[in-house]
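Working notes, structure below.
Numbers restart at 1 for each chain; the letters A, B, ... are given by sequence-line order, proteins then strands. Bear in mind the structure is a predicted one, so any value in this text is a computation, not a measurement.
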Number of protein chains: 2
Amino acid sequence: MKTGNADRMVRIKDIAEKAKVSTGTVDRVLHDRGRVADDVRLRVLKIAKELNYKPNLLARALVKNKSFRLAALIPDPSIDGYWQSPKDGVEKAEGELKQYGIMVTQFIFDPFDANSFSKTADTLDATKFDGILIAPIFYRQSLGYFRQWKQKGVPFVLFNTHIPDYEPLMYIGQDSYQSGFLAGKLLHYGSKEKGTFVVAHIGEDIQNSSHLLHKEQGFKDYFFQHHLEKEHQVLPIDFQGNSSAAVAGQLEEVLQKNPQVKGIFVTTSKANMIAEYLHRKKVEGICLIGYDLIEKNLHYLENGTIDFLINQNPKGQGYYGIYALADHLVFQKKNQPIKYLPLDIITKENLQYYIDADN
Amino acid sequence: MKTGNADRMVRIKDIAEKAKVSTGTVDRVLHDRGRVADDVRLRVLKIAKELNYKPNLLARALVKNKSFRLAALIPDPSIDGYWQSPKDGVEKAEGELKQYGIMVTQFIFDPFDANSFSKTADTLDATKFDGILIAPIFYRQSLGYFRQWKQKGVPFVLFNTHIPDYEPLMYIGQDSYQSGFLAGKLLHYGSKEKGTFVVAHIGEDIQNSSHLLHKEQGFKDYFFQHHLEKEHQVLPIDFQGNSSAAVAGQLEEVLQKNPQVKGIFVTTSKANMIAEYLHRKKVEGICLIGYDLIEKNLHYLENGTIDFLINQNPKGQGYYGIYALADHLVFQKKNQPIKYLPLDIITKENLQYYIDADN
DNA sequence: TTGTAAGCGTTATCAC
DNA sequence: GTGATAACGCTTACAA
């Protein structure tokens with residue numbers, strides 16, 4: 001039977017009394033604001049440590065009572081529905097943090113247009129914000145802004161895509177390579193006999209999207225590390241075009257040439273396009289794995305055409321992103337530099353717990 | 001481009017001014033403390049609503065500065081390692097909430113001894129606590145305490161096992177039935193040819209553990225609902241005894257009698273006992289699914305003997321349990337009555353994200 | 001029935 | 001360099 005430490009919280013006042021100085025002095029020491037004699041400084045520091053002083057975040061936030069303006073640069077969900085979730089997460093966090101003075105302004109750009117990204121980022125006057133959350137899906141274009149923000153001392157948090165240059169306050173998101181590796185496991189588990197697995201890249205500029213290649217590499221490495229290259233051929237394919245019809249045409253051809261295809265791993269959130277074909281043609285015996293719990297995918301997950309979806313908790317990315325900034329600004333907690341969100345394996349049977357309102 | 005609402009938070013003082021009364025009166029109205037004229041009451045209420053007043057939780061918690069004593073009734077992790085995680089979760093939450101005056105006293109009992117449970121619960125003087133978190137794994141024995149606590153007005157939160165009688169403040173945990181259903185899916189996906197699936201109950205008094213039966217039922221229903229009863233036989237077995245040796249002996253017999261066993265679903269956290277046998281005997285072609293990320297299971301997950309573990313986020317159960325009480329007591333937020341935690345599917349390849357320090 | 005004022009722990013602004 | 005003191009928004013004695 002263990003009891004939590006019952007002693008009252010140590011306050012600045014306690015330190016002050018013990019050090020025979022005023023609270024103001026203690027505060028200056030604790031915050032390194034200078035203008036304090038060296039011996040006093042050391043004494044206060046020592047006592048603070050002895051007493052294991054922990055600031056009362058409540059009181060701090062209360063007195064600061066400053067409002068913080070955050071900017072969130074998010075791709076347009078009406079163009080790519082995937083981004084609805086991070087947006088929801090941002091708004092959820094905003095709602096919860098409003099009482100701490102957090103206000104979020106959203107800057108929405110076209111995820112398929114690097115220009116739109118730049119233009120939107122240009123309208124964001126960094127001097128007007130205390131922190132920035134951004135999905136830097138265009139690497140080259142992002143760098144310049146990072147440099148500016150760093151210079152101006154505006155902290156920024158990355159989500160979805162990691163760009164370590166210029167040291168963001170934090171990165172929140174996925175481990176692409178490992179998710180591909182996981183997809184390898186899931187397809188192999190479901191289809192152990194000899195066969196071919198297709199890695200389908202759909203509707204993205206592969207050259208500019210290194211995370212898709214990471215996924216592919218992880219997938220290949222699964223079979224490589226398990227010495228399965230002989231039995232299981234991996235066949236990466238770039239599907240051109242963004243319509244179901246275009247994908248269907250190319251897929252038909254692939255399947256004709258490779259009748260021994262046992263599984264398909266879609267590296268983007270477009271698994272529904274493959275599923276549409278498989279379902280319509282009543283193709284059996286091909287396992288299908290994709291990413292992301294978007295509406296269209298869920299439909300095929302529920303009717304059994306898609307076996308698994310790997311979920312990157314996109315809502316959580318937006319949510320924790322805003323929280324990371326708030327923790328930094330309001331509570332002055334320090335953040336870990338990287339937070340990888342779990343690779344959730346979603347199937348029809350456990351889906352409900354991942355789309356519940358408050359996740 | 002959408003901007004968060006910029007207006008300053010409405011304070012009690014604002015309402016008071018508008019209603020031409022003092023803050024004290026507003027406070028009394030808002031907290032239903034009576035002693036206030038009816039017309040004033042209505043006026044204040046109306047204005048509060050108009051202004052969309054939301055109390056500043058920070059300030060409230062700060063001034064209350066009351067310490068809350070919570071009791072946590074948890075099974076002994078040194079007897080069943082599973083309980084280490086909820087215990088960790090409780091302690092993590094305690095650490096974070098200490099500054100809000102939350103103190104937790106742990107009451108540890110033997111999970112295999114209903115008597116120990118009762119004795120431990122007896123030592124818990126409910127009048128000394130402001131809230132109770134409990135894993136009520138003994139149904140009959142729990143009821144009496146619930147009744148007492150309800151009577152004394154001490155809020156209690158359940159985790160791991162749901163007992164809706166006497167309306168706990170909240171239940172946090174798993175959906176047993178659905179997890180069995182999920183296990184059915186996973187085994188079937190990995191082994192589609194004709195065969196037998198064993199449902200293994202290990203080391204628990206089945207009659208007293210209705211959740212094990214719920215798991216079994218969910219598992220069976222998966223095959224039933226997919227019209228697979230003809231191809232896939234489900235064979236429930238109660239393994240007697242708690243040692244690996246005992247389990248191995250019984251398992252050997254089962255496998256001899258049923259050479260067509262394609263998968264085993266262990267309804268407890270003891271999958272490692274089955275795995276130990278399969279691994280030692282180098283049995284191939286049997287998929288194995290169990291519960292819970294305990295040390296022994298992880299070993300066999302990592303060497304590939306266990307294919308999947310279903311994780312109920314046990315740490316989260318302890319963590320959210322304490323938080324639920326804190327939200328209620330400190331912040332006076334209202335809780336939802338049930339929080340089902342996701343059924344996480346864990347495999348070797350995504351394990352790392354679920355055992356990371358801060359999950 | 002209502003108003004006033006002290007105080008929660010921290011920060012920030014003064015005056016010394 | 002240092003110490004007093006007023007705020008932040010809310011609760012709660014206590015006074016009126």
Does [X] have a side-chain nitrogen or oxygen under 4.0 Å from the phosphate oxygens OP1 or OP2 of [N]?
X: A:Tyr53; N: C:dT10; value: yes
X: A:Arg60; N: C:dT10; value: no
X: A:Ser22; N: D:dA4; value: no

**Report entry** Derivation of the side-chain hydrogen bond (donor to acceptor under 3.5 Å, both in side chains) call for A:Tyr319 and A:Asp88
**Finding:** CA-CA 8 Å; A:Tyr319 182 79; A:Asp88 288 347; over 6 Å; no
Query raised in the report: Which nucleotide in the set C:dC8, C:dT2, D:dA7 lies at the smallest distance from any side-chain heavy atom of B:Thr25?
Result: C:dT2
Report task. Looking only at side-chain atoms of A:Val36, point me to the closest of D:dT2, C:dT10, C:dG7. Result ->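 Side chain of A:Val36 sits closest to D:dT2.
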Query raised in the report: Which pairs with one or both residues in residues 44-53 of chain A pass salt bridge (Lys or Arg N to Asp or Glu O under 4.0 Å), sequence neighbours excluded?
Result: A:Lys46-A:Glu50
To the nearest Å, give me how far apart [atom1] ([X]) and [atom2] ([N]) are.
X: A:Leu62; N: D:dA6; atom1: CG; atom2: C1'; result: 13 Å
X: A:Asp39; N: D:dG1; atom1: CG; atom2: C1'; result: 11 Å
X: A:Asp27; N: C:dG9; atom1: CG; atom2: P; result: 15 Å
X: B:Lys13; N: D:dC8; atom1: NZ; atom2: C1'; result: 11 Å
X: B:Ile12; N: D:dC10; atom1: CD1; atom2: P; result: 5 Å

Report task. Decide yes or no, distance alone: a donor-acceptor N/O pair under 3.5 angstrom between the base of D:dG3 and the side-chain of A:Arg28. Result -> yes
Report summary line: Of A:Gly24 and B:Lys20, the one whose nearest nucleotide on DNA chain C sits closer to the 5' end is B:Lys20
Query raised in the report: When all nucleic acid strands are considered with a 4.0 Å heavy-atom cut-off, which category describes B:Arg33: base, sugar-phosphate, or nothing?
Result: sugar-phosphate
Query raised in the report: Base, sugar-phosphate alone, or nothing: which one does A:Asn56 contact when heavy atoms must sit under 4.0 Å apart?
Result: sugar-phosphate
Query raised in the report: If you round to the nearest 0.5 Å, how far is CZ of B:Phe129 from CG of B:Leu70?
Result: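 Reported to 0.5 Å precision, the distance equals 8.5 Å.
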Query raised in the report: A:Val40 or A:Thr23: which one's nearest nucleotide on DNA chain D is closer to the 5' end?
Result: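 So the residue in question is A:Val40.
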Query raised in the report: Would A:Lys119 and A:Asp122 pass as an ion pair if we require N to O under 4.0 Å?
Result: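 The answer is no: the pair does not qualify as a salt bridge.
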